[in-house]
Amino acid sequence: MSKTILEGLNPAQKEAVLHSGGPLLILAGAGSGKTKVIVHRFAHLSCKVSPEHILAVTFTNKAAGEMKERISRLIKKDIRSAWVGTFHSQCNKILRKEIHALGYGCDFSILDDSDQLNLIRHILKEFKMYEALYRGILSRISLLKSSFVGPEEFLSRGDVFGFEDKIARVYLRYQDEIKRCNSLDFDDLILLTIKLFEEHPKALKKFQDSFQHILIDEFQDTNPAQYRLMKLLAGNSGNMCAVGDDDQSIYAFRGADHTNIMNFEKDFKGAKVIKLEQNYRSTQHILDIAHHVINKNPYRHPKKLWTDRKEGEKPSLCWFGNEIEEARHIAKTARELYLKGAYAYNDFAVLYRVNLQSRAIEEALREERLPYRIIGGISFYQRKEIKDLISYMRLCSNNSNNVSLRRIINCPPRGIGASTLTKIDQIAKKKSVSLLSAMKEILKTNTVTAAIKEKIAGFVGIVEGASPKNFKTASDMLRHLYKNTGYAEFIGEDRAENTMELIASAEGIGIEAFLDKMSLLSSLDSADTGNAVSLLTFHSAKGLEFPVVFISGVEEGILPYLKAQEPKEIAEERRLLYVGMTRAKEMLWLTCAKKRRLYTKIQEQQPSRFLKDIPLECCQKIEKIPPPAKPGSVCEKKPKTFKASLYSVGSRIKHSTWGVGVVRDCCGEGDDQKITVNFPNVGIKKLALKFAQIERL
DNA sequence: ATGCGCGACCTTTTT
DNA sequence: GGTCGCGCAT
């Protein structure tokens, strides 16, 4: 058993896995086998203590899922019930059992960020504050919460300008409001768990005893609250193992504090520190330029990645007239590599700083007929119809959830508008009850017209008729709601399809479990299957790797982004580039454009300051491609028309002698049609349709 | 109560 | 270029 656990590990990894107990900090460079170490360490520990006594936390469901799977494969045990999960899901699990000690009901709802934004907007309106900055306000509040600054304390700090004062008032109100809704936001999940432990030592003791070892992934991304929670749980044993890389800290804007890494050794005296510097992902050339970029950052744990893989091709740096040419070059290069047969579509990734950059790239890829997928865009679960139906469910299972009620009270329109809602709100406040209870109150009185009463009664009827105890599964409840709320008639065909998909995904799942899952799910969790070029931001690229990576827009204003001004912010932008570069396994392109269209303005762009830190000799070529001389003469937007060919790119065919292959290119028309096919065991072949004996699969 | 036009506004976002 | 909220008109 123990032998397989150590198999294939290098000395540093082995040391990390075998470390017997006490605080351990693993500084794991990009591609150094970080997850492997955590998985193997978990397996090693589980030889002595049972898996339920190990707490392993990650930031994403995806990471947690992968970790679970790899662990159970390694130790050949079902660990589905083990404590391997995200910070938020672990806290949810604890709080569902223990939150009554803090005066909440255990049926609390979890607000997602659109719920939070709606609430903030509502509060601003109520305060007659017409700030267009509600997004900024929410993120301020979240930052304050995750660093333990309560509204009262924030208020007492005072400030002369009054804006902070306003935020403090909104903050206070926000906190009261969600408490009244028996709801928790993501920060509360962490904060209330801390509160529980700090105010109820017995509860803390119980979990401290239970968790004999703690493993934290992506430690550089923890915020002060998350770190404090982990320190509490580690208690005196200090059996805490944190794995992270300060060079990959790119979430400071969300409160992540990578100085947690620096503080670890202070907080845990005698902590063992192990560096993982051998990289298993990239070629030496890629590591070299990445190192030149990151090495300029002050305050980092010095480390230098190395590899014994081949040197590979030198990364390329290209410079184009505008973002369209840049995108075309990327698409063309990808296509050429693909046609050579060396790479599949999903070996390519195009990375960018801001989502709007994807537009030009998408267009170019379509022109080249390369399939692509955008990772991390708007997710299925953020669609209005999905969120609405979930809100109905939330309200029905937690009648105090005013946030959900506000969302759907007039959706589909049922004649309960702003004025009626205000009336309901006033009554709710006066009697300090939930909005739904206030509506029921109104029905008993004669304070509103009969017409409005009827509408209110209709809504209350819907909610009461859909009590969760009436249903066995989440899908039953959704089906019922979809019909009885009038939603079915309210939405169009394509949206109806989405709701069907939602209902299908809820099949056989309990209502509470389903709601938890929906609250704690993210866009990145949805399937990433399919063979396609990936388009994604640096942020979404973290933790991923691709044989061929294009980094677009390496320009001042994009990377570093315009809004990054402070040295701290610039340092984070630099880390973004570093994260991007270290995604590449074999080939890496850095591209820039002289002119770039941002929204409606066309801007002159300068090369990024970060490029100056890369020695010339480290790059294979610096291509300068001047913009076309005559703008009119170049095919502006030649709408390429393709005859619907029997054999489209990507389809599979069978050849009489070479067997099964994948069509990589089609050209010519009519009798002249030729296709390029890659036969895995034979290679690339060009076939004339007229002669070749092929059959479509 | 709803529908429409105008203007402001844009990062990144694991939960 | 697209979204979202506001204010005005119906």
Side-chain angles (χ1 to χ4, degrees), chain A residues 57-66 85-92 110-118 121-122 124-125 130-136 138-139 142-143 146 184-190 217-218 220-223 225-226 248-256 351-357 359-360 375-379 381-382 384 410-421 451-452 455 516-525 536-544 553 557-565 569 572-573 575-576 579-580 597-601:
Chain A
V57 287
T58 63
F59 277 84
T60 65
N61 294 306
K62 197 176 155 206
E66 273 167 25
T86 64
F87 276 98
H88 296 88
S89 68
Q90 314 274 31
C91 289
N92 184 44
I110 301 170
L111 300 181
D112 65 20
D113 51 39
S114 82
D115 296 330
Q116 295 180 65
L117 280 173
N118 287 338
R121 274 195 295 242
H122 178 249
L124 288 174
K125 237 183 218 166
Y130 295 102
E131 303 284 350
L133 302 150
Y134 54 90
R135 261 208 167 73
L138 178 59
S139 91
S142 174
L143 287 174
S146 59
L184 274 60
D185 64 19
F186 290 128
D187 297 312
D188 286 332
L189 283 171
I190 313 287
D217 190 17
E218 304 282 14
Q220 75 283 352
D221 291 338
T222 48
N223 66 32
Q226 289 156 341
Q248 292 187 68
S249 160
I250 53 173
Y251 282 107
F253 71 93
R254 275 170 59 149
L351 308 191
Y352 37 80
R353 174 70 235 260
V354 286
N355 283 311
L356 70 94
Q357 287 175 259
R359 200 165 268 284
I375 297 179
I378 352 124
S379 85
Y381 302 104
Q382 280 165 14
K384 183 185 173 347
N410 207 23
C411 202
R414 51 173 71 86
I416 306 179
S419 55
T420 313
L421 189 55
I452 291 179
K455 288 167 184 166
D516 273 353
K517 192 181 144 203
M518 293 308 284
S519 302
L520 300 171
L521 206 67
S522 89
S523 57
L524 270 87
D525 299 322
L536 64 174
T537 63
F538 294 112
H539 288 91
S540 329
K542 204 173 85 171
L544 305 178
I558 300 278
L559 186 71
Y561 193 74
L562 210 70
K563 299 242 165 129
Q565 297 292 340
E569 295 171 318
E572 181 141 322
E573 299 286 316
R575 289 193 291 269
L576 277 174
V579 167
R597 195 187 169 115
L598 287 164
Y599 305 109
T600 163
K601 279 195 194 87

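So you know, we letter chains A, B, ... as the sequences are listed, proteins then strands, and number each from 1.
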Could you give the [atom1]-to-[atom2] distance, from [X] to [N], as a whole number of Å?
X: L143(A); N: dT12(B); atom1: CG; atom2: P; value: 17 Å
X: Y561(A); N: dT12(B); atom1: OH; atom2: P; value: 7 Å
X: D221(A); N: dT13(B); atom1: CG; atom2: P; value: 13 Å
X: I416(A); N: dT2(B); atom1: CD1; atom2: C1'; value: 15 Å
X: L117(A); N: dG5(C); atom1: CG; atom2: P; value: 9 Å
X: K455(A); N: dT2(B); atom1: NZ; atom2: C1'; value: 12 Å
X: L124(A); N: dC4(C); atom1: CG; atom2: P; value: 17 Å
X: L536(A); N: dT14(B); atom1: CG; atom2: P; value: 12 Å

Output yes when at least one side-chain N/O atom of [X] is less than 4.0 Å from OP1 or OP2 of [N], else no.
X: R359(A); N: dG1(C); value: no
X: T60(A); N: dT13(B); value: no
X: R597(A); N: dG1(C); value: yes
X: S540(A); N: dT12(B); value: no
X: N61(A); N: dT14(B); value: no
X: N410(A); N: dT2(B); value: yes

Which of the following nucleotides, dT12(B), dC4(C), dT14(B), is nearest to the side chain of R254(A)?
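Nearest listed nucleotide: dT14(B).
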(request) With the side chain of T537(A) defined as its heavy atoms from C-beta on, choose the nearest nucleotide among dT13(B), dG5(C), dT11(B). (result)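 Of the options given, the side chain of T537(A) lies nearest dT13(B).
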Between H539(A) and I250(A), is a side-chain contact (heavy atoms from CB on, under 4.5 Å) present by the stated rule, with each step listed?
CA-CA 7 Å; H539(A) 288 91; I250(A) 53 173; 3.8 Å; yes
Answer yes when E569(A) and K563(A) have at least one side-chain N-carboxylate O distance shorter than 4.0 Å, and no when they do not.
-> no
Reckon [X] touches a base, only the sugar-phosphate, or nothing at all at heavy-atom distances under 4.0 Å?
X: D113(A); value: base
X: L576(A); value: nothing
X: E573(A); value: base
X: Y251(A); value: base
X: T420(A); value: sugar-phosphate
X: R353(A); value: base

Starting at [atom1] of [X], measure out to [atom2] of [Y] and round the result to the nearest 0.5 Å.
X: L520(A); Y: F87(A); atom1: CG; atom2: CZ; value: 14.0 Å
X: H88(A); Y: D516(A); atom1: NE2; atom2: CG; value: 13.5 Å
X: I190(A); Y: L184(A); atom1: CD1; atom2: CG; value: 10.5 Å
X: N92(A); Y: F186(A); atom1: CG; atom2: CZ; value: 10.0 Å

With syn meaning chi within 90° of zero and anything else anti, the base of dT12(B) is anti
Do we see F253(A) stacking on the base of dT12(B), given a limit of 5.5 Å between centres and 30° between planes? yes
Assign each of H539(A) and L189(A) the nucleotide of DNA chain B bearing its closest heavy atom; nearer the 5' end lies the nucleotide of H539(A)
